[in-house]
There are 2 protein chains.
Amino acid sequence: MRQDFRCDCPFTSALDILGDKWILVIIKQMLIEGKETFKDFAESEEAIATNILSAKLKFLEEVGIIIKTKRPGNKKTNLYLLTEKGLALTPILVELATWSDSHLRDLHPTIVNGESMESLRNDKTAFAKALDKKYREKLAGN
Amino acid sequence: MRQDFRCDCPFTSALDILGDKWILVIIKQMLIEGKETFKDFAESEEAIATNILSAKLKFLEEVGIIIKTKRPGNKKTNLYLLTEKGLALTPILVELATWSDSHLRDLHPTIVNGESMESLRNDKTAFAKALDKKYREKLAGN
DNA sequence: ATTATTGCTTGCAAATTGAAAGTAATTATA
DNA sequence: TATAATTACTTTCAATTTGCAAGCAATAAT
């Protein structure tokens, strides 16, 4: 899966990588929901088909957003983990959720609205920072 | 084009609307490049096909991100303008460009790197605010 | 009156997505 | 230790989406 860029615009180029239905959902699952194995992603509530999942994970690895590893001693289960390049997507995800929270409830009234949304509303920089920190701690643990 | 949401997750729901190759590119063209007519979009460097453009503009209008108007006295040229819901996407675009600037240059070395990128790097909140202000002034002028 | 422009739509081929089933390599269990 | 279950995929094929090219109707300019 070789990547082509439509032009030299930084906005468009980001969307050449991220502009699709699944890429950022997978990254969200890793960052927010702690998912890390093929099975984790395949069983998530968004219900991605396994062939698509396989292709997207390959692509994400190719462009350096995730790395594929294994836990020492386990030869079976692959772990997919965010790289620095992947972790740097946190602010984009936070802005997406912020926009949903404030502008998508009319179209989609059942969007979750718990205490984590409250803390997002309260201070999104802190929210992003906390996500980042939590993920780095998880990485240190693996 | 009726919209279905995959689940109640705010991240995923934003991507149900925005997660595609063209939607945010069109919004970027409006916000950053001042494009507002069908012709403007069709002639942009990203080279969107007119049938796709037509479908995406319809969708954006349906979900309330843009409105379709005409300038008084002109019965021919349609104007597509961002609503508040659309303008609220500015921070997402700014974060996309920031990520491109810092993490996409290895894969795509010819991404533009002029003085506007400099000012984005310097203070992205101010950058977003300036874009927002400029667009509101344009709206006031129409 | 004629030509050009704008904003589309239509037709069709190519690419992408998705559901379902199948496979191969581990790992757990009787 | 044989058997079953789990994990990580791949394959097949149908359906949907994308994209190119051409066409068309309404308005505006000459």
Side-chain angles (χ1 to χ4, degrees), chain A residues 1-7 12 15-26 29-30 33-63 66-81 142, chain B residues 1-7 12 15-26 29-30 33-63 66-81 142:
Chain A
M1 224 198 250
R2 151 143 299 89
Q3 183 55 29
D4 282 314
F5 291 96
R6 282 171 282 187
C7 58
T12 303
L15 294 165
D16 284 331
I17 301 291
L18 307 170
D20 120 296
K21 200 177 158 181
W22 290 113
I23 291 292
L24 283 170
V25 168
I26 293 171
Q29 291 175 358
M30 297 174 83
E33 292 159 11
K35 301 197 188 292
E36 51 185 16
T37 67
F38 192 92
K39 189 170 178 278
D40 287 342
F41 302 122
E43 286 176 349
S44 67
E45 67 174 340
E46 282 92 354
I48 188 171
T50 56
N51 54 341
I52 309 290
L53 175 58
S54 178
K56 297 299 177 186
L57 289 173
K58 211 159 285 173
F59 175 75
L60 283 168
E61 201 190 353
E62 273 173 26
V63 298
I66 66 175
I67 41 155
K68 186 178 179 177
T69 10
K70 286 197 193 337
R71 235 183 291 263
N74 187 324
K75 287 182 193 160
K76 189 180 174 184
T77 308
N78 293 318
L79 292 184
Y80 298 92
L81 301 171
N142 273 329
Chain B
M1 223 200 249
R2 152 135 286 98
Q3 185 55 31
D4 281 314
F5 291 96
R6 280 171 282 188
C7 56
T12 303
L15 294 165
D16 284 332
I17 301 290
L18 307 171
D20 120 296
K21 201 178 157 180
W22 289 113
I23 291 291
L24 283 171
V25 167
I26 293 170
Q29 292 175 357
M30 298 176 82
E33 292 159 10
K35 301 197 188 292
E36 54 186 14
T37 68
F38 193 91
K39 191 172 178 275
D40 287 341
F41 301 123
E43 288 176 346
S44 68
E45 65 173 342
E46 284 92 355
I48 187 171
T50 57
N51 55 341
I52 309 290
L53 174 57
S54 178
K56 298 298 177 185
L57 288 172
K58 211 161 283 171
F59 175 75
L60 283 168
E61 200 190 353
E62 274 174 26
V63 298
I66 66 174
I67 41 154
K68 186 178 178 175
T69 14
K70 285 196 196 334
R71 234 183 292 263
N74 186 325
K75 286 182 192 161
K76 189 181 176 182
T77 306
N78 293 319
L79 291 184
Y80 298 92
L81 301 171
N142 274 330

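Every chain is numbered from 1 and lettered A, B, ... according to where its sequence line falls, protein lines coming before strand lines. Model, not experiment: these values are computed from the prediction.
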Side-chain N or O of [X] less than 4.0 angstrom from OP1 or OP2 on [N]?
| X | N | answer |
| --- | --- | --- |
| A:Asn78 | D:dT7 | no |
| B:Lys21 | C:dT16 | no |
| A:Ser54 | D:dT10 | yes |
| B:Trp22 | D:dT18 | no |

Applying salt bridge (Lys or Arg N to Asp or Glu O under 4.0 Å), name anything that partners A:Glu61, two or more places apart in sequence or on another chain.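 Checked A:Glu61 against salt bridge (Lys or Arg N to Asp or Glu O under 4.0 Å); zero matches.
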Where do [X] and [Y] come nearest, in terms of heavy atoms and distance?
| X | Y | value |
| --- | --- | --- |
| A:Asn74 | A:Thr77 | OD1-N, 2.9 Å |
| B:Thr50 | B:Phe38 | O-CZ, 3.7 Å |
| B:Leu79 | B:Arg71 | CD2-NH2, 3.7 Å |
| A:Tyr80 | A:Ile66 | CD2-CD1, 3.9 Å |

When you look at A:Glu46 and A:Gln29, which way does the side-chain hydrogen bond (donor to acceptor under 3.5 Å, both in side chains) test go after all the steps? CA-CA 10 Å; A:Glu46 282 92 354; A:Gln29 291 175 358; 2.9 Å; yes
side-chain hydrogen bond (donor to acceptor under 3.5 Å, both in side chains) between B:Ser54 and B:Asn51, worked out: CA-CA 5 Å; B:Ser54 178; B:Asn51 55 341; over 6 Å; no
Of the candidate nucleotides D:dT10, C:dC8, D:dA8, which contains the atom at the shortest distance from the side chain of A:Lys58?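 The nucleotide sitting nearest to the side chain is D:dT10.
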Classify A:Lys68 by what it touches in the nucleic acid, base, sugar-phosphate, or nothing, heavy-atom distance under 4.0 Å.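 If one applies the 4.0 Å heavy-atom cut-off, A:Lys68 turns out to touch the sugar-phosphate alone, with no base involved.
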Base-paired stems in DNA chain C, each at least three Watson-Crick or G-U pairs under 3.5 Å: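 Listed by first number, the stems are C:1-30 with D:1-30.
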Interface polar pairs with nucleotides 12-17 of chain D, N/O, under 3.5 angstrom:
none

Side chain to side chain, A:Thr12 and A:Phe5, heavy atoms closer than 4.5 Å: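 Answer no - side chains too far apart.
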Worked verdict on B:Leu57 versus B:Ile26 for side-chain contact (heavy atoms from CB on, under 4.5 Å): CA-CA 8 Å; B:Leu57 288 172; B:Ile26 293 170; 4.2 Å; yes
From A:Ile48 CD1 over to B:Arg6 CZ, what is the distance, rounded to the nearest 0.5 angstrom?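 Reported value, rounded in 0.5 Å steps: 8.5 Å.
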Short N-O contact, B:Lys39 and B:Glu43, less than 4.0 angstrom: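 The answer is yes: the pair qualifies as a salt bridge.
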Mind listing the side-chain donor-acceptor pairs of residues 17-25 of chain A below 3.5 Å, one per line with the distance, residues two or more places apart or on another chain?
from, atom 1, to, atom 2, distance (Å)
A:Asp20, OD1, A:Trp22, N, 2.9
A:Asp20, OD1, A:Ile23, N, 2.7
A:Asp20, OD2, A:Lys56, NZ, 2.8

Could you check which residues of residues 42-50 of chain B get a heavy atom under 4.0 Å from DNA chain D? Sort them by number, please.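 Contacts with DNA chain D under 4.0 Å: B:Ala49, B:Thr50.
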In the 5'-to-3' direction, what one-character label does each nucleotide of nucleotides 24-30 of chain D receive under the scheme B = base within less than 4.0 Å of a protein heavy atom, S = sugar-phosphate only, - = no such atom? ---BS--
Any donor-acceptor pair under 3.5 Å linking the side chain of A:Asp16 with the backbone of A:Gln3?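 Checking the backbone N and O of A:Gln3 against the side chain of A:Asp16, no donor-acceptor pair under 3.5 Å is found.
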